[in-house]
Asks: 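Got a structure here, written out as structure tokens. Questions coming.
Keep in mind that what you see is a predicted model, and the values were worked out from it rather than measured. In what follows, every chain begins at residue 1, and chains take the letters A, B, ... in the order their sequences are listed.
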2 protein chains.
Amino acid sequence: MTGAAAPRLVDIAESAGVSVATASRALSGRQGVSSAVAERVKEIAESLGYIGNVHARSLAGGTSSSVGLVIHEVADPYFSEIASGVMRVASHRGLSVQMCHSGRDPQIELRQLRTLIANRVGVIVVAGSGYLDPEAERSIQRELSRFTQAGGRVVAIGRHQHATDAVLPANTDGAQAVTRHLLGLGHRRIAVVTGSRGLTTVADRLAGVHRSLDEAGIPRTDVPVVEAPFTRDGGKAATLQLLEHHPDRTAVLALNDDMAIGALSVLRSRSLRVPEDMSVTGFDDVPVAADLSPSLTTVRLPMQQMGEKALELALRPPTKRPRRVVMPATLVERDSSGPPRRG
Amino acid sequence: MTGAAAPRLVDIAESAGVSVATASRALSGRQGVSSAVAERVKEIAESLGYIGNVHARSLAGGTSSSVGLVIHEVADPYFSEIASGVMRVASHRGLSVQMCHSGRDPQIELRQLRTLIANRVGVIVVAGSGYLDPEAERSIQRELSRFTQAGGRVVAIGRHQHATDAVLPANTDGAQAVTRHLLGLGHRRIAVVTGSRGLTTVADRLAGVHRSLDEAGIPRTDVPVVEAPFTRDGGKAATLQLLEHHPDRTAVLALNDDMAIGALSVLRSRSLRVPEDMSVTGFDDVPVAADLSPSLTTVRLPMQQMGEKALELALRPPTKRPRRVVMPATLVERDSSGPPRRG
DNA sequence: CTGAAAGCGCTTACAG
DNA sequence: CTGAAAGCGCTTACAG
């Protein structure tokens, strides 16, 4: 049995006593074959364990049955939720998903895009923040346009600066809502803990914070913004820094849940009670947020749906003007936020 | 610019005034081209934005640059950690990763395997528990063997019943250790909360629990086993059931972290203190386990490394007898376990 | 309904 | 070092 090459279409055809053309039609379920012949071909294919070569098919047919998915990092729950949504729709439609990490690095992202194009995916879903660096965005846009012009479909999740269909979480509204929530509880000495300001997601969320501050007549400069990696460890680092340089704060407004979780962990190790000594809020509502102790007040983004919606959009015929689907960001009040301590 | 088809190798060749053979050699960095010519071809390719067609290349060259990854579900942190490890190595080696969900359903898994084979991946990494159902395992094994015989490489993660290279977490040892830990704290009225017993992972972990029980001379029947989905919600359901039918328990030994998180959440909502009223332990040590409150006592599996190791193994030439790499499972004592309450 | 043939875009012996 | 040609395994007009 060793080295038994996989059976090819020609083997099936031969075995069935028909031409490859007929065998091809039979197996693809296309018309133009008598059902008797089709039946026989299918049976033979089945019994021989025939599995068509996607490369040959795609080369000959000019079709593609795979979608490329670019995310920052799959171990980050925000992205794994999105990926899960994409996978679900792909699976329903019989599409394969090729996944790449961008690592939030525009250079790497560019390379990944080119790889996907080389693999002739029919669709590319790019998830994750865009970059404020115009140079970086330009080269990405260039690659995407080329792909689109060659007939590919692109949908972005969470980035609005490209001329592609996009699924956009209401980042600014969400951040405004959570800021309002803290202000409403009576907090005035708030600090923002965030990922790199070079990310458009951060810029958008920060804009929501500022909008709410402006609304309440609070000078933006009253709210320090501590920047660190957009991760749990980043949240720890930022919170540590915060505690040192701004010991008077009563609330930490983290711009994603990961950082909020890091903040909670630091506060716990410092024996600071949440929310009595310090309120903490997140953003995204990753699955674990509700199960933390205290459960995390955050802004819910329908991540799985965002992934599903993105692929669905990509599978629809393109329109003249890019479509934008805005996904709601809803405040979820839980136990990590409360009135500020006196003093 | 509309409809501008992607440039092909022949376009590059023409533009450079060489044959496609030469262009091919130049771009692939193979020998047999003067460096001057190679340089020129590369420049032209670059300027025209040439991206080779992987399908054509793979069809002509018989090579594959992609690896298939089968996991239960990417939104499950155990699997997203593994996936992350696989992605890292793939990225270093210039390989693409095609990801599929099995949903812990052998039928779906089989279909996904066939899809990967159709896509002519060179490597398949199957992560996640095997199935106790021999019929299911047989068809999976059949498909994998066929793939291997055709020159493909397969590595399994966490399943030992296949004749393939495998990366195996020390499930039994880990479960034995955590059971011993609870017994050592003085617990005698323990309950196990677990996913389906049809999964070999569950069977293996349960075996570790029993080994420890036997060791301590405690009848296995003293420890009820509550079965539910291997998820957070499953953990909630199982714990609810437990509280009702076995109200005397002092420790919940969950066979994965997800279920343990569900258990913590139910106990919190019932105002039961952990670990004073009830100890809780998990298994896997997903990233959030350390950040829970109380932090979760669990068994650490090096999930990312398991993913890395699996792909590395697959990329090495096969050996006569399948390789088995056992990954250590280490007890991590945190705050969710303590001595039992009196009574 | 069925088949012979061209062609998808590459790579790789085989000559020179 | 370079090129003409065969071939990878399919699909799809084009004839019949």
Side-chain angles (χ1 to χ4, degrees), chain A residues 4-42 44-45 48-66 114-115 117-122 150-151, chain B residues 4-42 44-45 48-66 115 117-122 150-152:
Chain A
R8 297 151 304 165
L9 184 57
V10 56
D11 300 319
I12 306 304
E14 203 166 299
S15 199
V18 298
S19 70
V20 290
T22 299
S24 171
R25 294 188 192 103
L27 293 177
S28 63
R30 214 158 302 145
Q31 339 193 292
V33 209
S34 70
S35 52
V37 172
E39 211 48 48
R40 189 154 45 88
V41 172
K42 282 181 189 167
I44 290 175
L48 264 55
Y50 172 71
I51 302 182
N53 184 325
V54 167
H55 292 130
R57 178 172 302 159
S58 128
L59 193 57
T63 57
S64 170
S65 61
S66 66
R114 307 192 105 228
T115 301
I117 294 171
N119 280 275
R120 293 302 188 270
V121 298
Chain B
R8 297 151 305 164
L9 184 58
V10 56
D11 301 319
I12 307 303
E14 203 166 300
S15 200
V18 299
S19 70
V20 289
T22 298
S24 171
R25 294 188 193 104
L27 293 177
S28 64
R30 214 157 300 146
Q31 339 192 290
V33 210
S34 71
S35 53
V37 172
E39 210 49 47
R40 191 153 44 88
V41 171
K42 282 181 189 167
I44 290 175
L48 266 54
Y50 172 71
I51 302 183
N53 184 326
V54 167
H55 293 130
R57 179 172 303 159
S58 130
L59 192 56
T63 57
S64 171
S65 60
S66 66
T115 301
I117 294 171
N119 280 274
R120 292 303 188 270
V121 298

Asks: Going by salt bridge (charged side-chain N to carboxylate O under 4.0 Å, His left out), name the pairs with one or both residues in residues 7-36 of chain A, residues two or more places apart or in two chains.
Replies: A:Arg8-A:Asp11

Asks: Toss me the dot-bracket line for DNA chain D: Watson-Crick and G-U wobble, both under 3.5 Å, 5' to 3', using | for pairs to another strand and [ ] for crossers.
Replies: |||.||||||||.|||

Asks: Under 4.0 angstrom, heavy atoms only, what part of the nucleic acid is B:Val37 near: base, sugar-phosphate, or nothing?
Replies: sugar-phosphate

Asks: Could you list the donor-acceptor pairs under 3.5 angstrom formed by side chains in residues 51-59 of chain A, with sequence neighbours left out?
Replies:
from	atom 1	to	atom 2	distance (Å)
A:Asn53	OD1	A:His55	N	2.7
A:Asn53	OD1	A:Ala56	N	3.2
A:His55	ND1	B:Ser58	OG	2.7
A:Ser58	OG	B:His55	ND1	2.7

Asks: Would B:Leu27 and B:Tyr50 count as a side-chain contact (heavy atoms from CB on, under 4.5 Å) here? Give the steps.
Replies: CA-CA 10 Å; B:Leu27 293 177; B:Tyr50 172 71; 3.6 Å; yes

Asks: Output side-chain donor-acceptor pairs under 3.5 Å for residues 33-40 of chain A, partner residues at least two apart or in another chain, one line each.
Replies:
from	atom 1	to	atom 2	distance (Å)
A:Ser34	OG	A:Val37	N	3.3
A:Arg40	NH1	A:Ala16	O	2.6

Asks: Holding to side chain to side chain donor-acceptor pair (under 3.5 Å), I want the full list of residues that pass it with B:Ser15, two or more places apart in sequence or in another chain.
Replies: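 Here no residue qualifies.
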
Asks: Using a 4.0 Å heavy-atom cut-off to protein, can you give one letter per nucleotide of nucleotides 7-16 of chain C, 5' to 3': B if the base is in contact, S if only the sugar-phosphate is, - if neither?
Replies: BBBBBBB---

Asks: Under 4.0 Å between a side-chain N or O of B:Thr22 and OP1 or OP2 of D:dT2?
Replies: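 No.
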
Asks: Base, sugar-phosphate, or nothing: which does B:Val18 touch, judged by heavy atoms less than 4.0 Å apart?
Replies: sugar-phosphate

Asks: Do the side chain of B:Ser24 and the main chain of B:Val20 share a donor and acceptor less than 3.5 angstrom apart?
Replies: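 Not a single qualifying donor-acceptor pair exists.
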
Asks: Would a distance-only check, ignoring hydrogens and angles, find a side-chain to backbone donor-acceptor pair under 3.5 Å from A:Ser66 to A:Val121?
Replies: no

Asks: Is a side-chain N or O of A:Thr22 found less than 3.5 angstrom from the main chain of A:Val18, in a donor-acceptor match?
Replies: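 Here the side-chain-to-backbone pair does not exist.
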
